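Beneath this line is the structure, given in structure tokens, with notes to follow.
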Amino acid sequence: MKLRIIVTLKNGVLDPQGKAIQHALGGLGFDGVDDVRAGKLFELELADGTSDESIDEMCRKLLANTVIENYRVEKL
């Protein structure tokens, strides 16, 4: 089973990496970029039958800092 885990910062959490990317894009001549939010993408290949509870636990314990980040799971 293949999964994609997308981790993003929660609304209201400052994103210095996103701001640096936004600034760099402007410096390269890409005008009109109003905001950038950086995140993380994980692709996992798991044994068939891995439970949703186990996948959720992986995300909460290691892949995402749930204090400041949200995550979503996409089954591929």
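Quantities reported herein were computed from a predicted structural model and do not represent experimental measurements.
With rounding to the nearest 0.5 Å, the separation of CD in Glu74 from NZ in Lys2 is 14.5 Å. The distance from atom CG of Leu62 to atom CD1 of Ile5, rounded to the nearest 0.5 Å, is 11.0 Å. Interatomic distance, CG of Asp56 versus OG1 of Thr66, reported as 9.5 Å (0.5 Å rounding). A distance of 5.0 Å separates NZ of Lys40 from CZ of Phe42, quoted to the nearest 0.5 Å. Glu57 contributes atom CD, which lies 11.5 Å from atom CG of Leu63 (distance to the nearest 0.5 angstrom). Annotation: the span from Asp34 atom CG to Gln22 atom CD amounts to 7.5 Å, rounded to 0.5 Å.
Within the hydrophobic cluster formed by Ile, Leu, Val, Met, Phe, Trp and Tyr side chains joined at under 4.5 Å, directly or through other members, Ile6 is accompanied by Leu41.
Counting all heavy atoms, side chain and backbone alike, Ile55 lies closest to Leu46 at CG1-CD1, 3.8 Å. The two residues Cys59 and Val73 have their closest heavy-atom pair at SG-CG2, 4.2 Å. Closest approach of Ala38 to Ile21, counting heavy atoms only: CB-CD1, 4.4 Å.
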Do Thr8 and Arg37 pass the side-chain contact (heavy atoms from CB on, under 4.5 Å) test, and can you show the C-alpha distance, the side-chain angles, and the key distance before you say yes or no?
-> CA-CA 8 Å; Thr8 57; Arg37 301 285 284 174; over 6 Å; no

Let me see the working for Ile68 and Lys10 under side-chain contact (heavy atoms from CB on, under 4.5 Å), right down to the final yes or no.
-> CA-CA 6 Å; Ile68 61 169; Lys10 291 182 177 182; 5.7 Å; no

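Within 6.0 Å of CG on Leu14 lie no more than 12 heavy atoms contributed by other residues, nucleotides or ligands. Heavy atoms from other residues, nucleotides or ligands lying under 6.0 Å from CG of Asp35 number more than 12.
Note on Leu9: it does not cluster hydrophobically with Tyr71, by side-chain heavy-atom contacts below 4.5 Å among ILVMFWY residues.
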